[in-house]
Asker: 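Handing you this structure, nothing more for now.
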Amino acid sequence: MSDHVYRLSEIVGSSRTSVDDAIRTAIRKAAQTVRHVEWFETKEIRGQVVDGDVNYFQVRLAIGFRVED
């Protein structure tokens, strides 16, 4: 097994449904244009409140993707 080098990028996902859905939406979208996405780290969770209820969840993520040889 060889050693790998990773690059980091920050992305933000959002969802009306849940934090989990916001994360999955962000990762799926990023994986469409970034090759070798292998991990993520949740950096921040925030949301929008409208009329006393959660309207949107937003999650800021760091994604790690392997740099090709």
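What you see is a predicted model; the values in this text were computed from it and never measured.
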Asker: Quick check: closest heavy atoms across A30 and I11, and the distance to 0.1 Å?
Answerer: CB-CD1, 4.0 Å

Asker: Take V12 and V59 through the test side chain to side chain contact (heavy atoms under 4.5 Å, CB included) and record every step on the way to the result.
Answerer: CA-CA 5 Å; V12 176; V59 181; over 6 Å; no

Asker: Say you draw a straight line from OH of Y56 to OG1 of T17; how long is it, rounded to the nearest 0.5 Å?
Answerer: 9.5 Å

Asker: Going by the salt bridge (Lys or Arg N to Asp or Glu O under 4.0 Å) test, which pairs reach into residues 46-58, not counting sequence neighbours?
Answerer: E44-R46

Asker: Heavy atoms only: give me the nearest F65-R35 pair and the separation to one decimal.
Answerer: CB-O, 3.5 Å

Asker: Verify the cluster assignment for V54 and V19: are they in a single hydrophobic cluster under the rule of side-chain heavy atoms below 4.5 Å apart?
Answerer: yes

Asker: Does atom CZ (R60) have a neighbourhood of more than 12 heavy atoms from anything else shown, all under 6.0 Å?
Answerer: yes

Asker: Atom NE2 of H4 and atom CD of E68: how far apart are they, to the nearest 0.5 Å?
Answerer: 12.0 Å

Asker: Of all heavy-atom pairs between L61 and F40, which one has the smallest distance, and what is that distance?
Answerer: CD2-CD1, 3.9 Å

Asker: What residues form a side chain to side chain contact (heavy atoms under 4.5 Å, CB included) with V67, not counting sequence neighbours?
Answerer: V5, R7

Asker: Please list, chain by chain and in numerical order, all residues satisfying salt bridge (Lys or Arg N to Asp or Glu O under 4.0 Å) with K43, sequence neighbours excluded.
Answerer: E41

Asker: So, for E38 and Y6, which heavy atoms are closest and what is the spacing to 0.1 Å?
Answerer: OE1-OH, 2.8 Å

Asker: Would you say I45 and I63 are hydrophobically clustered, going by side-chain heavy atoms of ILVMFWY under 4.5 Å?
Answerer: yes

Asker: What's the shortest heavy-atom distance between S15 and D21, and which atoms?
Answerer: OG-OD2, 2.7 Å

Asker: Between L8 and W39, is there a side-chain heavy-atom distance shorter than 4.5 Å?
Answerer: yes

